[in-house]
Amino acid sequence: MKVTAGSRFVKIAGLTLLAGVLLITGCGNKENAAPAAGPSDSAAVQEQPKKLQEVKLVLDWTPNTNHTGLYAARDNGYWEKRGLKVEIIQPPETGADALVASGTAQFGVGAQEAMILAREQGLPIVSLAAVIQHNTSGFASPASKNIKQPKDFEGKTYGGWGSPAEQAVIDSLMQVQKADVSKVTFVNAGTADFFTAVKKDIDFEWIFYGWTGIEAELRKEPINMIYLADYSKQLDYYTPLLTTNEKMIKEKPDVVRAFVEGAAEGYQYAIDNPEASADLLLKAVPELNADLVKASQNWLSPKYKDDAARWGEQKKEIWSGYGDWMQQHGLLKKELNYDEMFTNEFLPK
């Protein structure tokens with residue numbers, strides 16, 4: 001699985017009501033009377049088991065430890081006790097945002113950078129919670145390449161996926177040190193994973209340390225890591241996020257609340273129980289590397305909430321700060337209302 005920082009782009013549906021069925025015993029003569037429904041001969045009212053509302057959640061990428069709290073919410077029954085049956089699915093090639101915006105997927109996992117662009121295009125996506133408080137992504141390279149700070153990108157080859165944001169981010173970091181982005185060679189890394197790519201013609205890539213960086217540790221392949229957040233406060237944006245659409249919030253707020261509260265309980269479980277939550281993820285997705293999942297979970301669990309007052313909390317200055325950065329670098333053309341892009345309303349108090 002290649003989990004890169006920018007290639008990750010987000011299904012739940014409504015709440016059903018309890019149905020009761022009135023069972024009436026026969027009231028004719030004893031010879032024709034039906035068997036009693038309960039211990040007495042009087043009419044009995046029996047409640048049917050509560051029918052769960054089936055909803056869908058589409059991930060941003062193949063399952064990994066960014067998603068552990070979601071599997072905990074599903075498999076520990078945190079959504080079920082709130083009336084939801086959540087199906088977790090993987091995104092199509094085109095990404096998950098369009099599915100969430102259209103309501104085909106009522107909930108999803110996304111990222112702030114993609115969501116702002118989606119809002120610019122008129123997609124009515126809303127962020128419900130920040131899965132991780134701070135941006136844990138950055139540019140990684142084998143230690144042997146001696147790339148220790150942004151100015152060291154000069155003369156090197158970057159392997160990416162062809163997004164204009166990549167060059168803008170690299171340029172932004174290099175400008176801090178008065179370095180020249182035109183001296184960086186940009187190539188498409190294709191489907192090759194980080195460890196394969198950097199053994200060929202690529203010097204550095206954009207990764208999430210919590211997955212690929214931890215894998216490097218386990219493989220005993222030393223890397224240097226340049227975190228975006230270390231060089232720009234505006235690049236300390238939310239990634240990943242839990243999302244829905246405006247129609248869900250307007251028409252089915254109880255469903256949205258049930259989803260967010262269940263997810264919050266799931267992520268709190270992962271914060272408090274990294275080993276047990278890693279086992280839950282492995283049970284749900286047994287093809288994952290168990291050593292990687294456990295090591296990644298131990299690293300990531302404290303970072304879900306980090307310095308926030310509660311898990312999932314979002315701040316307007318984070319949204320507007322990154323949006324301003326996008327405008328400054330020509331990635332965003334329109335003025336947007338950031339208050340419409342996110343809400344803390346459904347988080348547990």
Side-chain angles (χ1 to χ4, degrees), residues 3 8 10-12 55-89 96 100 106-112 115 126-137 208-211 214 236-244 255-285 288 293-315 318 342-349:
V3 180
R8 306 162 39 231
V10 254
K11 219 167 170 183
I12 274 190
V55 294
K56 292 180 178 179
L57 164 65
V58 59
L59 301 179
D60 55 338
W61 199 250
T62 50
N64 57 76
T65 47
N66 282 347
H67 310 133
T68 305
L70 303 174
Y71 285 94
R74 186 191 70 177
D75 297 341
N76 284 348
Y78 302 150
W79 279 321
E80 184 175 354
K81 72 181 181 182
R82 292 173 170 89
L84 300 181
K85 180 180 179 181
V86 178
E87 179 187 2
I88 299 175
I89 65 170
V100 176
Q106 294 76 20
F107 298 89
V109 182
Q112 184 178 335
M115 218 194 90
V126 180
S127 174
L128 298 168
V131 172
I132 303 170
Q133 274 298 306
H134 295 284
N135 190 346
T136 61
S137 75
F208 285 97
Y209 190 86
W211 192 260
I214 296 299
D236 190 13
Y237 53 80
Y238 297 123
T239 179
L241 304 161
L242 299 186
T243 65
T244 190
V255 177
V256 177
R257 189 173 305 281
F259 174 77
V260 174
E261 289 184 353
E265 190 171 0
Y267 277 101
Q268 190 60 52
Y269 179 84
I271 291 167
D272 296 336
N273 306 280
E275 295 291 339
S277 61
D279 288 338
L280 273 180
L281 180 60
L282 287 166
K283 183 177 180 181
V285 195
L288 293 175
V293 168
K294 291 179 179 181
S296 173
Q297 195 63 62
N298 277 315
W299 187 87
L300 193 56
S301 281
K303 301 187 186 315
Y304 289 136
K305 179 181 174 183
D306 207 288
D307 54 358
R310 54 183 170 169
W311 174 84
E313 191 85 29
Q314 301 174 81
K315 297 177 182 178
I318 302 299
F342 76 98
T343 179
N344 293 315
E345 175 186 352
F346 300 100
L347 294 172
K349 303 301 181 185

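- Within 6.0 Å of CD in Glu313 there are more than 12 heavy atoms belonging to other residues, nucleotides or ligands.
- Checked by atom type and distance alone, the side chain of Asn76 never pairs as donor or acceptor with a backbone atom of Tyr78 at under 3.5 Å.
- Between Glu261 and Arg82 there is a salt bridge, since at least one side-chain N of the basic residue sits less than 4.0 Å from a carboxylate O of the acidic one.
- Here the side chains of Thr239 and Phe208 are in contact, with some heavy-atom distance below 4.5 Å.
- For the atom pair CD (Glu87) and CZ (Arg74), the distance works out to 9.0 Å, reported to the nearest 0.5 Å.
- Smallest separation of non-hydrogen atoms from Ser127 and Gln314: OG-OE1, 2.7 Å.
- Aromatic pair Trp311/Tyr304: ring centres not closer than 6.0 Å.
- Of all heavy-atom pairs between Leu282 and Leu288, the closest is CD2-O, 3.9 Å.
- We find that Lys81 and Glu265 are joined by a salt bridge, their nearest charged nitrogen and carboxylate oxygen being less than 4.0 Å apart.
- When every heavy atom of Tyr267 is checked against every heavy atom of His67, the shortest pair comes out as OH-CA, 3.6 Å.
- Looking at heavy atoms from C-beta onward, Val256 lies out of side-chain contact with Glu345 at the 4.5 angstrom threshold.
- Ring orientation note: the planes of Trp299 and Tyr209 are tilted relative to one another, at an angle of 30° to 60°.
- With rounding to the nearest 0.5 angstrom, the CG atom of Leu70 is 5.0 Å from the CH2 atom of Trp79.
- With hydrogens and angles ignored, the 3.5 Å screen pairs no side-chain donor or acceptor of Asp306 with any backbone N or O of Ala308.
- Of all the heavy atoms in Leu128 and Leu347, the pair that sits closest is O-CD2, 4.0 Å.
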inquiry  = If you apply the rule side-chain contact (heavy atoms from CB on, under 4.5 Å), what do you find for Thr244 with Phe259, and how did you get there?
reply    = CA-CA 10 Å; Thr244 190; Phe259 174 77; over 6 Å; no
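- The OG1 atom of Thr243 sits 13.0 Å away from atom CD of Gln112, with the distance rounded to the nearest 0.5 Å.
- In plain terms, the two heavy atoms of Ser296 and Thr65 that are nearest each other are OG-OG1, 2.6 Å.
- Taken to the nearest 0.5 Å, the NZ atom of Lys303 stands 12.5 Å off from the CD atom of Gln133.
- Here the closest heavy-atom approach between residue Pro274 and residue Asn298 is recorded as CB-OD1, 3.5 Å.
- Proximity of a side-chain donor or acceptor of Gln297 to a complementary backbone N or O of Thr68 within less than 3.5 Å is not detected.
- Rounding to the nearest 0.5 angstrom, the gap separating the CG atom in Leu84 from the CG atom in Leu57 is 11.0 Å.
- Note that the OH atom of Tyr238 and the CD1 atom of Ile318 stand 4.5 Å from one another [nearest 0.5 Å].
- At least one donor-acceptor pair under 3.5 Å links the side chain of Asn64 to the backbone N or O of Thr62.
- The shortest distance between side-chain heavy atoms of Val260 and Leu242 does not fall below 4.5 Å.
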message = Let's go through Leu241 and Met115 carefully: what are the C-alpha distance in whole Å and the side-chain angles of both, what is the deciding distance for side-chain contact (heavy atoms from CB on, under 4.5 Å) to 0.1 Å, and is it a yes or a no?
response = CA-CA 9 Å; Leu241 304 161; Met115 218 194 90; 4.3 Å; yes
request  = Quick one: do Leu59 and Ile89 satisfy side-chain contact (heavy atoms from CB on, under 4.5 Å)? Show the steps, please.
outcome  = CA-CA 6 Å; Leu59 301 179; Ile89 65 170; over 6 Å; no
